[in-house]
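Everything on this sheet refers to the single structure shown next.
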Amino acid sequence: MNKELMDALDILEKEKEISKETLFEAIENSLVTACKNHFGKADNVRVEIDRETGDFLCYMEKEVVETEDDVEDPVLQIALEDARELSKKAQVGDVLNVEVKSREFGRIATQNAKNVILQKIREEERSVIYNQYFEKEKDVVTGVVQRYIGRNISINLGKADAMLTENEQVRGEVFMPTERIKVYVLEVKNTPKGPRINVSRTHPELVKRLFESEVTEIKDGTVEIMSIAREAGSRTKLAVWSHNPNVDAVGACVGLNGARVNAIVEELRGEKIDIVNWDENPGNLIQNALSPAKIVAVFADPDEKTAKVVVPDYQLSLAIGKEGQNARLAARLTGYKIDIKSETQAKDAPGFRYEDYLDDEYDEDEDYIEEYEDGEDGYAGTYEGQGEYAESDEEDTAYAGEQDSDGSAVAYEDSEYAGDSGQLE
C-alpha cells in the first residue's frame with residue numbers, strides 16, 4: 001500500500017476541501033504527461049490507480065508485429081519475440097499492455113508531472129473557494145480589515161480576500177487593521193487568479209440581512225421586511241409587516257429595550273433606523289413613512305403613484321426633515337411622489353382639500369365625508385407620530401419623489417428649487 005500518498009491526499013482533502021477523486025485524476029494526467037515528455041507521444045498510454053491502496057500502474061498499449069524489422073514505431077509496436085517474454089499467448093496482431101516504469105523517467109519529465117499535479121491542485125482550490133463564496137453572494141459575511149490599497153480596503157474573509165471599493169464605503173467610516181466588520185457580498189467573479197469578491201457597506205440589503213440575522217421573527221418568516229430606503233451613514237427607513245396578528249412587527253424588530261435594533265445601529269456605526277408598519281392602504285403607508293411627523297391628511301393616487309400630504313404648520317420642517325431627508329426617504333420607501341404642504345398653504349392649494357375629492361352632489365353630505373375618512377383607499381386621517389424631532393431649514397413645503405440619476409429622491413421648496421444646485425442632498 002502506498003501509505004504516504006494516501007496520507008498526503010487525506011491532508012489535501014481536509015485542508016483544501018479537494019476531493020480525492022479529483023486528486024487521483026490529477027495524478028493520472030501527470031503520469032500521462034510524463035510519458036509524453038519521455039517517449040514523445042502518449043496516445044496509447046493508460047494509467048490505473050487503486051483508490052483504496054494508492055498503488056498505480058502505468059502501461060502502453062502496443063500492437064504485436066512479427067519481427068524487429070516490422071517495428072516502425074517502438075512506442076506503438078512490439079516484436080512477437082519480445083511480446084512472448086511478457087505473455088506466452090501473444091500472437092501477431094494482438095494488442096499487448098506493456099508496463100511503463102515511471103522510475104525511468106528523466107528529471108524534466110518528472111518535473112513536468114509534478115507541475116501538472118500542482119496546477120490541478122491550485123485550480124481546484126480556486127474552484128472550491130469560488131463556489132464557497134458564490135453561495136454567499138447577496139448575503140452578509142464577517143471580515144477582518146487588512147490594509148488600505150489607495151482608497152479601497154482589502155478585507156480578509158477567511159479563505160479569500162474581498163475588496164471594499166471607495167464607492168461602496170460609507171462616508172466618514174474609518175477602519176483600523178485587524179478590525180472585524182460585516183459587509184454585504186455584491187458580486188463574486190471567477191478569474192484566472194482566483195475569485196474576485198466585491199463587497200459593500202452602503203447597500204440597503206446590508207441592513208435587511210442584519211435584521212434577518214438579529215430578529216428571529218424575520219428569519220422564520222413571521223415578520224417580513226416589505227420595503228427599505230437607506231442613505232448610508234445617516235438614516236434608514238424600514239417598513240415591516242407581520243403575518244401573525246399576535247406579533248407586533250415593529251416591536252419584534254426593536255426588541256426588549258431596543259436591544260435588537262441597537263445591535264444593528266452599533267454595527268452601522270450609529271446610523272439612525274426608523275421602523276414603521278407596512279400598510280396596504282397607500283395613505284396609511286405614507287403617513288407611517290413620514291413618521292415622526294404628525295399628519296393631518298394624505299391624498300394618494302395609486303394609479304399615478306403621487307400623494308399630497310397636509311401637515312400642521314409647526315410640523316412642516318419635521319415632515320420634510322433635515323435637508324429634505326425625511327421626505328426623500330419616505331418617497332423611496334413607498335414608491336410615491338410626495339407633495340407636502342402645511343395646513344395654511346393647503347387651504348388655497350388644489351388637491352389638498354377634502355372637497356376636491358368629493359362630487360358636487362355630496363359636497364354637503366357629512367356622512368359621505370365621514371365614510372371617506374374612515375378608510376377609503378388613498379386617504380389617511382390625523383396621525384400621531386413618534387420619534388425624535390428632526391430640525392430642518394426648509395421653508396414652506398416640499399415635493400419628494402422625483403428621481404435623480406442614482407435613484408434618490410429630490411425635495412423642492414414650494415415652487416422654487418432648494419439651494420443653488422436645485423437639489424437637496
Side-chain angles (χ1 to χ4, degrees), residues 1-39 41-60 99-103 105-147 149 152-165 183-200:
M1 178 182 288
N2 197 334
K3 189 174 185 302
E4 291 182 358
L5 175 61
M6 296 303 293
D7 289 344
L9 296 182
D10 288 337
I11 293 172
L12 284 171
E13 185 176 43
K14 182 178 181 180
E15 292 184 354
K16 299 185 180 296
E17 298 182 8
I18 303 174
S19 68
K20 280 185 180 180
E21 182 60 32
T22 300
L23 294 170
F24 280 129
E25 292 176 0
I27 295 172
E28 290 174 351
N29 292 333
S30 70
L31 289 171
V32 171
T33 301
C35 288
K36 186 173 183 179
N37 286 305
H38 186 71
F39 299 107
K41 61 178 66 176
D43 295 339
N44 61 331
V45 174
R46 301 291 180 267
V47 179
E48 294 179 357
I49 300 180
D50 190 316
R51 268 51 172 173
E52 298 296 329
T53 65
D55 295 331
F56 62 90
L57 175 64
C58 182
Y59 60 87
M60 303 179 75
E99 185 178 356
V100 176
K101 301 296 184 181
S102 58
R103 292 180 182 274
F105 291 161
R107 180 180 60 83
I108 296 177
T110 304
Q111 185 65 36
N112 288 339
K114 176 184 175 182
N115 291 338
V116 169
I117 296 176
L118 293 177
Q119 179 65 22
K120 184 64 176 178
I121 291 174
R122 283 193 291 266
E123 290 176 359
E124 285 301 315
E125 186 177 7
R126 286 196 292 263
S127 178
V128 167
I129 294 174
Y130 169 77
N131 291 332
Q132 179 179 342
Y133 285 99
F134 183 76
E135 293 175 357
K136 296 181 180 180
E137 197 174 62
K138 311 304 180 188
D139 204 350
V140 171
V141 295
T142 302
V144 178
V145 176
Q146 292 191 119
R147 63 189 182 279
I149 304 175
N152 301 332
I153 304 175
S154 175
I155 299 175
N156 182 263
L157 302 181
K159 294 184 177 181
D161 292 340
M163 189 60 68
L164 181 62
T165 62
V183 292
Y184 178 75
V185 181
L186 284 176
E187 185 181 37
V188 181
K189 290 183 178 179
N190 199 6
T191 68
K193 294 184 179 180
R196 179 179 177 181
I197 306 171
N198 294 325
V199 295
S200 172

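Computed from a predicted structure; not experimentally measured.
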So how far is it from [X] [atom1] to [Y] [atom2], rounded to the nearest 0.5 Å?
| X | Y | atom1 | atom2 | result |
| --- | --- | --- | --- | --- |
| I27 | C58 | CD1 | SG | 12.5 Å |
| Q111 | N115 | CD | CG | 5.0 Å |
| L157 | Q146 | CG | CD | 9.0 Å |
| I149 | T165 | CD1 | OG1 | 12.0 Å |
| R46 | E48 | CZ | CD | 10.0 Å |
| I197 | T191 | CD1 | OG1 | 10.0 Å |

What's the shortest heavy-atom distance between I117 and A26, and which atoms?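 Minimum heavy-atom separation between I117 and A26: CG1-O, 4.0 Å.
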
Minimum-distance pair of heavy atoms, taken over all atoms of R126 and Q119: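 That closest heavy-atom pairing would be NH2-NE2, 4.1 Å.
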
[X] atom [atom1], over 12 foreign heavy atoms within 6.0 Å:
| X | atom1 | answer |
| --- | --- | --- |
| R196 | CZ | no |
| K20 | NZ | yes |
| F24 | CZ | yes |

With a 4.5 Å cut-off on side-chain heavy atoms, are [Y] and [X] touching?
| X | Y | result |
| --- | --- | --- |
| D161 | I155 | no |
| I18 | I121 | yes |
| I49 | V47 | yes |
| M163 | V199 | no |

Test side chain to side chain contact (heavy atoms under 4.5 Å, CB included) on N29 and K120 and set out the steps. CA-CA 10 Å; N29 292 333; K120 184 64 176 178; 5.7 Å; no

Tell me if a side-chain donor or acceptor on E137 pairs with a main-chain N or O of V188 at a distance below 3.5 Å.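 Judged by distance alone, yes, a pair lies under 3.5 Å.
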
Exam field: side chain Y133 to backbone V128, donor-acceptor pair closer than 3.5 Å: no

I would like to know whether D139 and V185 meet side chain to side chain contact (heavy atoms under 4.5 Å, CB included); could you show each step before the answer? CA-CA 6 Å; D139 204 350; V185 181; 5.7 Å; no

Is there a side chain to side chain contact (heavy atoms under 4.5 Å, CB included) between Y130 and K189? Walk through the geometry before answering. CA-CA 8 Å; Y130 169 77; K189 290 183 178 179; 5.8 Å; no

After noting the C-alpha distance and the side-chain angles of V141 and V183, does the key distance pass the side chain to side chain contact (heavy atoms under 4.5 Å, CB included) rule? CA-CA 6 Å; V141 295; V183 292; 3.8 Å; yes

List the residues meeting side-chain hydrogen bond (donor to acceptor under 3.5 Å, both in side chains) with S19, not counting sequence neighbours, and say none if there are none.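 S19 satisfies side-chain hydrogen bond (donor to acceptor under 3.5 Å, both in side chains) with T22 once adjacent residues are dropped.
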
